[in-house]
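Computed from a prediction, not measured in an experiment: that's the story for all the values here.
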Amino acid sequence: MRVPNGISLVTSTGGPVELAEAARLAEAAGFASVWATEFYDRSATVALAAMAQATSTIELGSAIAYAFGRTPLVLAAEARDLDELSGGRITIGLGTGTRKMQQDWHGLDGEHPASRMEELIPLLRRLWRLHEGPIEHDGRFYRLHVQPTAPPREPLRLDTPIYMAGVNPRMIEAAGAVADGLVGHPLFTPGYVRDVARPALARGAERTGRDAPPPIAGYLTCSISDDREAARRDAAAIIAFNSTVKTYRVTHREGGFEREGEAIREAWARGDFEGMTAAVTDEMIDTIALAGTPDDVRERFAERWEGVYERTLLWPPAYKGEPAVRAVIETFGANAA
């Protein structure tokens, strides 16, 4: 079996050792790339370093690292080191998190995240060129005055790709304006990509005079088991958890799942986790995710998802552990049945 074009793995399972092993297996299986996540107990940059040491050819990315949890100087230095460590295989995927995450996790006000990203990303590119001269930047969100006291090393690449996560049209437009790509959300549907995401990317690209909108590396929840119903329940749990976030309501509005989304949030508010999952309909699962036996998901991918993204980031349920990751690799890898 061929590995579908651009098929990739994004994994949230385990620490740096487990993530490095997943990257090694994905490389051996012929995947295009493997991406690390970040959360309150997990560093995307440390994970990328471990993945780089465990692999030699596969492309690596962060989907995503928190853009506002680091200063621009620290973020640029980490990206420079990671790209050098990997031999030029890194894509830096950055996201803002929700407003509440910005406020409660990073001590920020959470205001104007899209405009802030539009200032941050060009600033990172300037920092990669620090060897060309000092930086004096007094912007709306960042003040940076860097006068090197010793000649900075030149980076391995000046054009390390920067992808930006976005859900609502304004943030996606920001990605189109300044980023090298968009990291698409797990609640995206093919219709949302076609009717909302790509037009927003095009508007952003036009606003800044770019030749074309950038590509999308899109999350796709992928739950695989020989027990079809168990796989679908696991996918429903992931969909339900993501649907609790008000910011993501726009995806359900486009997909016609506003009633289901409201039922999920009501169950969440009363602590009814079983009720959250039960509110996810079969239609939602089939529209938003891949779930079922290996044959089911391969067929569904070919019918509905192949070609939707330039790079599809298959995302197994993290709470199912390493077996869920291996199931994705074995189902879509070059040696799959």
* Asked: Who are the side-chain contact (heavy atoms from CB on, under 4.5 Å) partners of P151, not counting sequence neighbours?
  -> none
* Does atom CD of E283 have more than 12 heavy-atom neighbours, drawn from other residues, nucleotides or ligands, at distances under 6.0 Å? -> no
* Between T251 and H185, do the side chains contain an N or O donor and an N or O acceptor separated by less than 3.5 Å? -> no
* To do: Run the numbers on E118 and R170 for salt bridge (Lys or Arg N to Asp or Glu O under 4.0 Å), then give the verdict.
  => CA-CA 11 Å; E118 288 185 5; R170 174 64 183 93; 3.0 Å; yes
* With sequence neighbours excluded, residues passing side-chain contact (heavy atoms from CB on, under 4.5 Å) with P215 -> Y163, E310
* In terms of side-chain heavy atoms, does W35 have a donor or acceptor partner in S33 at a distance below 3.5 Å? -> yes
* **Full working for salt bridge (Lys or Arg N to Asp or Glu O under 4.0 Å) between R153 and E84** => CA-CA 11 Å; R153 292 184 304 115; E84 182 176 327; 2.7 Å; yes
* Return the set of residues passing side chain to side chain donor-acceptor pair (under 3.5 Å) with E111 (not counting sequence neighbours), or none when no residue passes. => R99
* **Residues in side-chain contact (heavy atoms from CB on, under 4.5 Å) contact with T277, at least two apart in sequence or another chain** => A236, A237
* Short side-chain donor-acceptor distance under 3.5 Å, D234 and Y319 -> yes
* Structure fact -> Sorted by chain and number, sequence neighbours left out, side-chain contact (heavy atoms from CB on, under 4.5 Å) with E266 holds for E262, R270
* Residue pairs fulfilling side chain to side chain donor-acceptor pair (under 3.5 Å) with at least one residue in residues 208-228, sequence neighbours excluded -> R228-D296
